[in-house]
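These notes are about the structure you will find just below.
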Amino acid sequence: MVALRGSGPLRLGGTMQVSVAGAESNVAIGLSRLGHRVRWTGAVGDDEAGALVLRTLRAEGVDVSGASADPEAPTGLILFEPRLPEVTRVHYYRAGSAGSRLRASAVERAFSAAPPRVLHLTGITPALGPDPLSAADRALQLARQHGTLICLDVNFRSRLWTAERAAPVLREWVPSVDVLIASEDELALCLPPPGPDAEKPADPVAALAAQAAPLLARGVGEVVVKRGAAGATAFTGDGSLHRPARPVRAVDAVGAGDAFVAGYLSALLDGAGLAERLERAVTTGAFAVASPGDWEGAPTRAELGLLGAPPGTVVR
């Protein structure tokens, strides 16, 4: 999408900064900056906004040969409206956009070119309409056929679809997922509805473990929970592991979850263990929080160590 960022309430007017945004493209840029080969498959309009999206991705080293420009639909739009220092409202304009017309054939072309080692999907794509849902379903099928590792970031967006619509889709996908990433309030969307007598453990970690267990039992290899300022906790068949968040001065929390995913997948692609995957994820997430924009603050591999520098450090 094209992203417009206001400096205050939209109804008051003022200036807006033009950029691009999108969970999957944010992850793609984050991985590319960390030195990985990344392909992004999607649809933009055959318009200036679409040209900006593709130009930005190419400039960041992301392969967009599998992307298409739709001459009959516009590029999607997102407006960011800061209302409080820690609160930003987001307004989507994606109905009828090129992204809402993404076809399964686009995914088939991408896999025929070269099956990826990792397929990254989010719960945003199926929320855009029946065609993107079919495309995502086809991507899962092809990934299973080619032995591709499947990563799903739930990324529930209540302004795009309801929990009642999202839950059946996500629950159907769960058995195909190798790495499931979600925030604490998103895990329930991937689980069957709790029974009337179900009790939630008082301890937060125990509550998360109780939700992760049935997901692991259904075939998910790793359940990774993004916990904001509390860091992140991962659950596997061997137990759980927690990493606290890296302390930084918060500037903009938008895009932090995508940066976290990029860091986690980067370490996974490097063959790192669970502890290092979590550590890199909370580090890349911290870079995003400390920088304005969705993806602009994503670090390069050489910059990962900068968070350990003392305040006032000047790198010469």
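All residue numbers in this chain count up from 1 along the given sequence.
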- Task: Answer with yes or no whether the side chains of Glu108 and Ser105 bring together a donor and an acceptor at under 3.5 Å.
- Result: no
- Note on the structure: Ser100 and Leu128 have their tightest heavy-atom pair at CB-O, 3.5 Å
- Note on the structure: Of all heavy-atom pairs linking Ala73 and Gly96, the shortest is CB-O, 3.6 Å
- Message: Looking at Ala288, is its backbone amide N or carbonyl O close enough to the side chain of Ser291 to form a donor-acceptor pair, meaning the two atoms are under 3.5 Å apart?
- Response: no
- Output the rest of the hydrophobic cluster of Leu12: all Ile, Leu, Val, Met, Phe, Trp and Tyr residues reachable through side-chain heavy-atom contacts under 4.5 Å, sorted by chain and number. none
- Task: Kindly give the heavy-atom pair with the smallest separation between Val169 and Pro126, and that separation in Å.
- Result: CG1-CB, 4.3 Å
- Task: Report the C-alpha distance between Val251 and Val289 in whole Å, list the side-chain angles of each, state the deciding distance to 0.1 Å, and finish with yes or no for side-chain contact (heavy atoms from CB on, under 4.5 Å).
- Result: CA-CA 6 Å; Val251 174; Val289 170; over 6 Å; no
- Residue pair Ser25, Val62: steps toward the side-chain contact (heavy atoms from CB on, under 4.5 Å) verdict: CA-CA 9 Å; Ser25 55; Val62 177; over 6 Å; no
- Item | Counterpart residues, salt bridge (charged side-chain N to carboxylate O under 4.0 Å, His left out), relative to Arg101 (two or more places apart) | Asp70, Glu72
- Please report the shortest heavy-atom distance between Asp294 and Asn26, naming the atom on each side. OD2-ND2, 3.1 Å
- Item | Rounded distance [0.5 Å steps], CZ in Arg109 versus OG in Ser65 | 10.5 Å
- Under the ring-ring contact (aromatic ring centres under 6.0 Å, His included) test, which residues partner Phe111, sequence neighbours left out? His146
- Is there a chain of hydrophobic side chains (I, L, V, M, F, W, Y, each step under 4.5 Å between heavy atoms) that links Leu54 to Leu4? yes
- Query: Would you find more than 12 non-hydrogen atoms of other residues, nucleotides or ligands less than 6.0 Å from Arg55 atom CZ?
  - Reply: no
- Not counting sequence neighbours, list each pair that qualifies as a ring pair (Phe, Tyr, Trp, His ring centres under 6.0 Å) and has a residue in residues 240-263. none
- Message: Return the CG to CG distance between Leu274 and Leu241, rounded to the nearest 0.5 Å.
- Response: 5.0 Å
- Any side-chain heavy-atom pair of Leu10 and Met16 under 4.5 Å: yes
- So does Glu296 have more than 12 non-hydrogen atoms from other groups sitting under 6.0 Å from CD? yes
- Query: Can you find a pair of side-chain heavy atoms, one from Leu57 and one from Ile29, that are under 4.5 Å apart?
  - Reply: yes
- Taking it one step at a time, do His36 and Arg301 satisfy side-chain contact (heavy atoms from CB on, under 4.5 Å)? CA-CA 10 Å; His36 302 279; Arg301 191 172 290 254; 3.2 Å; yes
- Which atom pair, heavy atoms only, marks the closest approach of Asn155 to Ala23? ND2-CB, 3.5 Å
- Does the side chain of Leu306 come within less than 4.5 Å of Pro299's, by heavy atoms? no
- Are the side chain of Asp178 and the backbone of Ile150 linked by a donor-acceptor contact shorter than 3.5 Å? yes
- Task: Answer yes if Val20 and Val44 sit in the same cluster of Ile, Leu, Val, Met, Phe, Trp and Tyr residues linked by side chain heavy atoms under 4.5 Å apart, and no otherwise.
- Result: yes
- Message: A side-chain contact here means heavy atoms from C-beta on lying under 4.5 Å apart; do Ile78 and Val2 qualify?
- Response: no
- Task: May I ask you to decide if Arg171's main-chain N or O and Arg218's side chain share a donor-acceptor pair within less than 3.5 Å?
- Result: yes
- Message: Could you tell me if the side chain of Arg227 sits less than 4.5 Å from the side chain of Ser183, heavy atoms only?
- Response: no
- Message: To the closest 0.5 Å, what do you measure between CG (Leu180) and CG (Asp153)?
- Response: 8.5 Å
- Assess the side chains of Arg144 and Ser176: does a donor N or O sit below 3.5 Å from an acceptor N or O? yes
- Do Ser266 and Arg280 meet the criterion of a side-chain donor-acceptor pair at a distance under 3.5 Å? yes
For residues 203-213, which side-chain donor-acceptor pairs fall under 3.5 Å, sequence neighbours excluded?
residue : atom : partner : partner atom : Å
Asp203  : OD2  : Val205  : N            : 3.3
Asp203  : OD2  : Ala206  : N            : 2.9

- Quick one: which residue pairs count as a ring pair (Phe, Tyr, Trp, His ring centres under 6.0 Å) with a foot in residues 67-97, not counting sequence neighbours? none
- With side chains defined as the heavy atoms from C-beta onward, is the minimum distance between Ile181 and Cys151 less than 4.5 Å? yes
- Flag for Arg246-Thr283: side-chain donor and acceptor within less than 3.5 Å: yes
- Task: Check for a donor-acceptor pair, side chain of Arg58 on one end and backbone N or O of Val64 on the other, with a separation under 3.5 Å.
- Result: no
- Co-members of Leu304 in a cluster of I, L, V, M, F, W and Y side chains, linked at under 4.5 Å: Leu34
- Query: Can you list the steps and then say if Thr75 with Glu48 is a side-chain contact (heavy atoms from CB on, under 4.5 Å)?
  - Reply: CA-CA 9 Å; Thr75 300; Glu48 290 301 298; over 6 Å; no
- Query: Going by side-chain heavy atoms closer than 4.5 Å, which hydrophobic residues are tied to Val87, directly or by a chain of links?
  - Reply: Leu84
- Message: Heavy-atom count check: over 12 atoms from other residues, nucleotides or ligands less than 6.0 Å from Gln145 CD?
- Response: yes
- Message: Any carboxylate oxygen within less than 4.0 angstrom of a Lys/Arg side-chain nitrogen, looking at Arg33 and Glu303?
- Response: no
- Message: Just to verify, what does Ala290 make a side-chain contact (heavy atoms from CB on, under 4.5 Å) with, not counting sequence neighbours?
- Response: Val248
- Indicate yes or no: does Lys226 engage Asp185 in a salt bridge with an N to O separation below 4.0 Å. no
- Query: Between the main-chain N or O of Phe156 and the side-chain N or O of Glu186, is there a donor-acceptor pair closer than 3.5 Å?
  - Reply: yes
- Query: So which of Leu79, Val254, Val18 actually passes side chain to side chain contact (heavy atoms under 4.5 Å, CB included) with Arg5?
  - Reply: Val254
- Can you name the nearest heavy-atom pair linking Pro214 to Leu191, along with the distance? CG-CD2, 3.5 Å
- Say you draw a straight line from CG of Leu102 to OG of Ser68; how long is it, rounded to the nearest 0.5 Å? 7.0 Å
- Sorted by chain and number, sequence neighbours left out, salt bridge (charged side-chain N to carboxylate O under 4.0 Å, His left out) with Glu81 holds for Arg89
- Query: Is the number of heavy atoms from other residues, nucleotides or ligands under 6.0 Å of Arg159 CZ greater than 12?
  - Reply: yes
Considering only distance and modelled atom types, tabulate donor-acceptor pairs under 3.5 Å from the side chains of residues 117-124, sequence neighbours left out.
residue : atom : partner : partner atom : Å
Arg117  : NH2  : Leu269  : O            : 3.2
Thr122  : OG1  : Glu24   : OE2          : 2.5
Thr122  : OG1  : Ile124  : N            : 3.0

- Message: Rounded to the nearest 0.5 Å, what separates atom CG in Leu170 from atom CZ in Arg165?
- Response: 11.5 Å
- Between Thr88 and Arg83, is any side-chain donor less than 3.5 angstrom from a side-chain acceptor? no
- Query: Tell me, which pairs form a ring pair (Phe, Tyr, Trp, His ring centres under 6.0 Å) where one or both residues lie in residues 261-299, sequence neighbours left out?
  - Reply: none
- Would you call Leu215 and Phe235 a side-chain contact if the rule is heavy atoms closer than 4.5 Å? no
- Any side-chain heavy atom of Val177 sitting closer than 4.5 Å to one from Leu152? yes
